[in-house]
Amino acid sequence: MSHKRAITIRRLSENDLHLAQGIDVSEEGQSVFRYINGELTTEPRKWHRPAWDAPQWEHKTTAWAQVHRWDVVIGAFDGATLIGMASLRYQLTETVAQLVSLHVSRAYRRHGVATRLLQELMRLARQSNARELYVSATPSASAIGFYTRHGFAPTAHVNQRLYDLEPEDIHMTLTL
């Protein structure tokens with residue numbers, strides 16, 4: 001798909017968060033990743049994530065703000081349309097920042113939008129003196145493939161609080 005406008009990245013205000021409802025997070029796959037005994041493997045399993053409606057987006061953004069305690073949210077825009085968003089917690093620990101969320105609308109995937117959002121979060125994390133970026137990634141091929149292509153690797157040193165919240169996720173880190 002060719003998008004005519006230049007994609008812009010900017011910080012989102014609390015008043016902008018309702019725009020996330022236009023991001024189509026739907027996705028499906030035939031396998032999931034598991035990280036067991038230091039090894040990343042796949043297992044066949046059909047899965048589907050439907051698009052989120054307004055109440056689901058409200059629930060997600062509230063959880064990211066209150067449970068994960070994000071510090072900054074950025075958005076990718078095609079004109080006035082929010083097509084992707086990502087968020088960062090500056091200090092999961094003293095030296096580790098957390099990539100809290102990263103979503104790109106289905107029609108805009110594989111066009112570099114997620115990479116641009118990730119690069120901006122990495123810049124902000126470095127600016128906050130983080131030496132490492134932690135993500136609890138959905139165990140899908142697209143998510144794990146994206147993060148590994150950008151240098152993330154599964155970690156045996158999981159953050160226990162995040163693991164308890166998302167035990168099926170693949171917990172990964174990137175040295176900044």
Side-chain angles (χ1 to χ4, degrees), residues 11-12 14 17 20 23 25-29 31-43 45 47-52 55-76 84-105 109 113-176:
R11 286 189 186 214
L12 299 180
E14 196 170 316
L17 293 179
I23 299 173
V25 298
S26 66
E27 188 176 7
E28 57 276 326
S31 63
V32 293
F33 277 88
R34 295 279 172 244
Y35 186 65
I36 302 170
N37 298 324
E39 191 174 332
L40 192 60
T41 61
T42 59
E43 70 179 46
R45 185 171 84 191
W47 61 273
H48 173 73
R49 178 178 59 204
W52 295 337
Q56 288 168 309
W57 270 107
E58 175 83 23
H59 173 77
K60 289 290 188 182
T61 56
T62 299
W64 292 330
Q66 294 176 357
V67 177
H68 293 282
R69 299 189 292 267
W70 66 16
D71 291 302
V72 63
V73 184
I74 60 173
M85 68 179 279
S87 60
L88 180 71
R89 179 178 180 180
Y90 289 128
Q91 287 192 312
L92 180 61
T93 69
E94 188 175 314
T95 60
V96 179
Q98 179 193 359
L99 191 164
V100 174
S101 65
L102 174 61
H103 293 88
V104 173
S105 199
R109 293 181 194 148
V113 176
T115 296
R116 290 190 54 204
L117 288 166
L118 175 60
Q119 288 170 339
E120 179 61 8
L121 289 185
M122 290 167 59
R123 185 188 72 75
L124 292 168
R126 283 186 196 103
Q127 221 174 39
S128 74
N129 295 316
R131 293 194 298 261
E132 195 170 53
L133 187 57
Y134 186 105
V135 66
S136 173
T138 300
S140 69
S142 60
I144 302 308
F146 172 79
Y147 289 119
T148 56
R149 280 191 306 277
H150 287 86
F152 284 83
T155 182
H157 306 289
V158 300
N159 178 287
Q160 194 61 50
R161 188 179 73 77
L162 294 179
Y163 181 82
D164 290 345
L165 289 171
E166 300 167 319
E168 291 193 12
D169 281 6
I170 305 300
H171 296 255
M172 307 176 84
T173 57
L174 170 71
T175 301
L176 295 172

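Start at 1 with the first residue, then count along the sequence.
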*Can you list every side-chain hydrogen bond (donor to acceptor under 3.5 Å, both in side chains) pair that touches residues 156-166, not counting sequence neighbours?*
Ser136-Glu166, Gln160-Asp164
_Leu12 versus Gly75, closest heavy-atom pair with distance_ = CG-N, 3.7 Å
*asked:* Checking Tyr90 against Gln127 for the side-chain contact (heavy atoms from CB on, under 4.5 Å) test, could you report, in this order, the C-alpha distance in whole Å, the side-chain angles of both residues, the deciding distance, and whether it holds?
replied: CA-CA 9 Å; Tyr90 289 128; Gln127 221 174 39; 6.0 Å; no
*Enter the distance from Ser101:OG to Leu121:CG here, rounded to the nearest 0.5 Å.*
8.0 Å
*How would you list all residue pairs meeting salt bridge (Lys or Arg N to Asp or Glu O under 4.0 Å) that involve residues 117-146, not counting sequence neighbours?*
Glu120-Arg123
_Nearest non-hydrogen partners of Pro139 and Glu168, listed with the distance_ = CG-O, 3.5 Å
*Min side-chain heavy-atom separation Val25-Ile23 under 4.5 Å*: yes
_Arg49 CZ to Ser140 OG distance, which is reported to the nearest 0.5 Å_ = 7.0 Å
*Looking at residues at least two apart in the chain, or sitting in another chain, which of them share a side chain to side chain donor-acceptor pair (under 3.5 Å) with Ser26?*
Asp24, Arg106
*Among Tyr134, Tyr35, Phe152, whose ring-ring contact (aromatic ring centres under 6.0 Å, His included) with His171 holds?*
Tyr134
*So which heavy atom on Ala130 is nearest to which on Leu176, and how close?*
O-CD1, 3.7 Å
*Gap separating the CG atom of Leu99 from the CG atom of Leu92, nearest 0.5 angstrom*: 11.5 Å
_Passing candidate, side-chain contact (heavy atoms from CB on, under 4.5 Å) with Met122, options Leu174, Leu88, Leu117_ = Leu174
_Atom of Trp47, atom of Ser31 and distance for their closest heavy-atom approach_ = NE1-O, 3.1 Å
*Are more than 12 heavy atoms from other residues, nucleotides or ligands located less than 6.0 Å from atom CD of Glu94?*
no
*For Thr138, all residues meeting side chain to side chain donor-acceptor pair (under 3.5 Å), sequence neighbours excluded*: none
*With Trp52, which residues qualify under ring-ring contact (aromatic ring centres under 6.0 Å, His included), at least two apart?*
Trp57, His103
_Spatial distance of atom CD (Gln91) from atom CD (Gln98) [nearest 0.5 Å]_ = 12.5 Å
*For Trp64 and Arg69, indicate whether the former's side chain and the latter's backbone hold a donor-acceptor pair under 3.5 Å.*
no
_Tell me every residue that passes salt bridge (charged side-chain N to carboxylate O under 4.0 Å, His left out) with Arg11, counting only those two or more places apart in sequence or in another chain._
none
*May I have the step-by-step check of side-chain contact (heavy atoms from CB on, under 4.5 Å) for His68 and Leu162, ending in yes or no?*
CA-CA 8 Å; His68 293 282; Leu162 294 179; 3.5 Å; yes
*Can you list every pair that meets side-chain hydrogen bond (donor to acceptor under 3.5 Å, both in side chains) and has a residue in residues 145-156, with sequence neighbours left out?*
Thr115-His150
*asked:* Set out, in order, the CA-CA distance, both residues' side-chain angles and the distance that settles side-chain contact (heavy atoms from CB on, under 4.5 Å) for Leu124 and Ile74, then state yes or no.
replied: CA-CA 10 Å; Leu124 292 168; Ile74 60 173; 4.3 Å; yes
*asked:* Less than 4.5 Å apart, side chain to side chain, heavy atoms only: is that true for Leu118 and Phe146?
replied: yes
*Sequence neighbours left out, what passes side chain to side chain donor-acceptor pair (under 3.5 Å) with Asn37? Give chain and number order.*
none
*Could you list the residues that satisfy salt bridge (charged side-chain N to carboxylate O under 4.0 Å, His left out) with Glu43, not counting sequence neighbours?*
Arg34
_Separation between CE of Met85 and CG of Leu17, rounded to the nearest 0.5 Å_ = 5.5 Å
*If you take all heavy atoms of Ile144 and Met172, which pair is closest and at what distance?*
CD1-SD, 4.0 Å
*Which pair of non-hydrogen atoms, one from Val73 and one from Ser87, has the smallest distance, and what is that distance?*
CG2-CB, 4.0 Å
*Can you sort out the partners of Asn129 under side-chain contact (heavy atoms from CB on, under 4.5 Å), two or more places apart, ordered by chain and number?*
none
*Would you mind reporting whether Thr173 and Val96 have side-chain heavy atoms less than 4.5 Å apart?*
no
